[in-house]
There are 2 protein chains.
Amino acid sequence: MKEKIKVHVADDHMILIEGIIAMLNTDSEIEVVGHSLTGLQVVEWFKTNKADILVLDINMPELDGIEVLKRFNKKALRQKIIMLSSYDDVKLVQELTTYGADGFISKTSAGEHIVKAIKSVQSGIPYFSDDIKEGLFNLAIGQNVAEGNRPDATPEDASLISELTDREIEVLKLVASEYSTPEIADQLLISTNTVETYRKKLLKKLKVKNAVGLAMFAVKHRMI
Amino acid sequence: MKEKIKVHVADDHMILIEGIIAMLNTDSEIEVVGHSLTGLQVVEWFKTNKADILVLDINMPELDGIEVLKRFNKKALRQKIIMLSSYDDVKLVQELTTYGADGFISKTSAGEHIVKAIKSVQSGIPYFSDDIKEGLFNLAIGQNVAEGNRPDATPEDASLISELTDREIEVLKLVASEYSTPEIADQLLISTNTVETYRKKLLKKLKVKNAVGLAMFAVKHRMI
DNA sequence: GCCAGACTCACCGAAAACGGTGAGTCATAT
DNA sequence: ATATGACTCACCGTTTTCGGTGAGTCTGGC
């Protein structure tokens, strides 16, 4: 009897986890050996356990799926990782693959794709769901037409959070909560000038144009 | 043999739908008779079909779950509706119940709650998952402490989208995409003054303070 | 001890956002 | 025909945001 493929599922929605587990359990070659609701739980779990494949949601509280991916990549663990995306974040795919993601499926695709992805990835073949592929294609087309071959094609950008200081993150959260600079200064008991400084640093670091961009970043990474 | 409870499931994530269906099918008293990926699909489906219970996600493209709820409420159809929330939007619960929602569960709760909710609601008892109850409680506490009995406790606020004009929605989407007023004016081929007018109308209508508030609204309602 | 980095603040100017008011066209419905 | 609402634009002033530059303290690490 063949050894089953051991899978760990991580997503902050318990319902989704249960759904995926129910689906995977119908396949005799796959065995779900664990699950996590936050990025930290994933990291903790893998300290004392092992799985062949980690199905990892990008959007999770505490520790971003992207962050988790990076950590595992640094530590050079051997389990394969399939990323799960809520909002078809095609632009991230390229960077995420450089961090060691072996597969990529969007939640809008059907569940059978997870089974396919797991089997494909387990046998060493990267898997991308059709809509992700299409998105990548469109992105490539658009890029070629719009900007040709760019000099510095932002290799990071996936997880800039780690580059932010504590104070910057505080300010970022408040900006994303609709507070103005004077209001933020009041709350943090610092000068408006200082808050301005943080805002500008954030704009640069996160490569966005304005407060809306900051807010969107915060949302994307579940900081609020 | 007893008649099964007919359920229709609506959510924009196919994986989640499949998960829920798989879960519900394990219960012999429940039968899933249809599913939809968008609000419009839900409305269309119910034109020619019927179900006892509609499990309805709040966040869906095309037509908001809240909008769908309102429409069904107006038309006074008799199926019960259980709302599904991604982000524990406790503040909506009160308003949604006035629109005829019979139950409320957050996706972060376990899947068995759906089965419980369906059976409870089918027998006429409204169902709220524990975390929603807790949230409502905290909200009540917080409100009483913080603001006492407010004069006008914003009865709407749940679905303000329907009050927005097409042009306003266009501008809203662009604001939420980090575009500045001049840039939006360029794209829509109208004056910056006009764009400013729309921005101000949006701020009033959506009751937010600034561009970040507009962006957050757009995100919350999946307009981008 | 020295350096890097985090945190703090200031001053400058330009651009954008916000708040209010008024007003014109056009289509639709009553 | 008239009234309503969507769409458009203008002008006013104030506040906020953004961009750049410089500089002080304090802490932790080498």
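Here is how names work: the chains are called A, B, and so on, in the same order as the sequence lines, proteins then strands, and each is numbered from 1. Predicted, not measured: the structure shown is a model, and the values here were computed from it.
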(message) What contact category does T197(B) fall into here, base, sugar-phosphate, or nothing, at under 4.0 angstrom with non-hydrogen atoms?
(response) base
(request) Classify the nucleic acid contact of T194(A) as base, sugar-phosphate or nothing, counting any heavy atom under 4.0 Å across all strands shown. (result)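 The answer is base, as T194(A) lies within the cut-off (heavy atoms under 4.0 Å) of a base atom.
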If you only use heavy atoms from C-beta on, which nucleotide in [options] is closest to the side chain of [X]?
X	options	answer
K204(B)	dA6(D), dG20(C), dA6(C)	dG20(C)
S180(A)	dT17(D), dC7(D), dA17(C)	dT17(D)
K200(B)	dG19(C), dA10(C), dG20(D)	dG19(C)
R199(B)	dA10(D), dT8(C), dA17(C)	dA17(C)
R167(B)	dC7(D), dC9(C), dA10(D)	dC7(D)
N210(B)	dC18(C), dA6(D), dT16(D)	dC18(C)
P182(A)	dT17(D), dT8(D), dC7(C)	dT17(D)

Strictly below 4.0 Å: does [X] bring a side-chain N or O up to OP1 or OP2 of [N]?
X	N	result
Y198(B)	dC9(D)	no
S191(A)	dA10(C)	yes
T181(B)	dA17(C)	yes
N193(A)	dA10(C)	yes
T192(B)	dC9(D)	no

Which whole-number value in Å describes the distance from [X] [atom1] to [N] [atom2]?
X	N	atom1	atom2	result
E178(B)	dT17(D)	CD	P	16 Å
Y179(B)	dA17(C)	OH	P	14 Å
I184(A)	dT16(D)	CD1	C1'	11 Å
K209(A)	dA15(C)	NZ	P	15 Å
E183(B)	dA15(C)	CD	P	14 Å
L164(B)	dA6(D)	CG	P	10 Å
D186(B)	dA16(C)	CG	P	11 Å
E196(A)	dA16(C)	CD	P	16 Å

(message) Between E183(A) and K209(B) (salt bridge meaning N to carboxylate O under 4.0 Å), is one present in this structure?
(response) yes
(message) How about NZ on K50(A), more than 12 heavy atoms from neighbouring residues, nucleotides or ligands closer than 6.0 Å, or not?
(response)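 Check fails, neighbour count at 12 or below.
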(request) Give a yes or no on this: more than 12 heavy atoms of other residues, nucleotides or ligands lie within 6.0 Å of atom OH of Y179(B). (result) no
(message) By nearest heavy atom, map I190(B) and L203(A) onto DNA chain D; which one lands nearer the 5' end?
(response) I190(B)
(message) Between S36(B) (side chain only) and T38(B) (backbone N and O only), is there a donor and an acceptor less than 3.5 Å apart?
(response) no
(message) Just verifying a value: how many Å separate K201(A) NZ and L164(A) CG, rounded to the nearest 0.5 Å?
(response) 11.0 Å
(request) Name all residues meeting the side chain to side chain contact (heavy atoms under 4.5 Å, CB included) criterion together with L203(B); count only those two or more places apart in sequence or in a different chain, and write none if there are none. (result)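 Listed in chain order: V208(B), L214(B).
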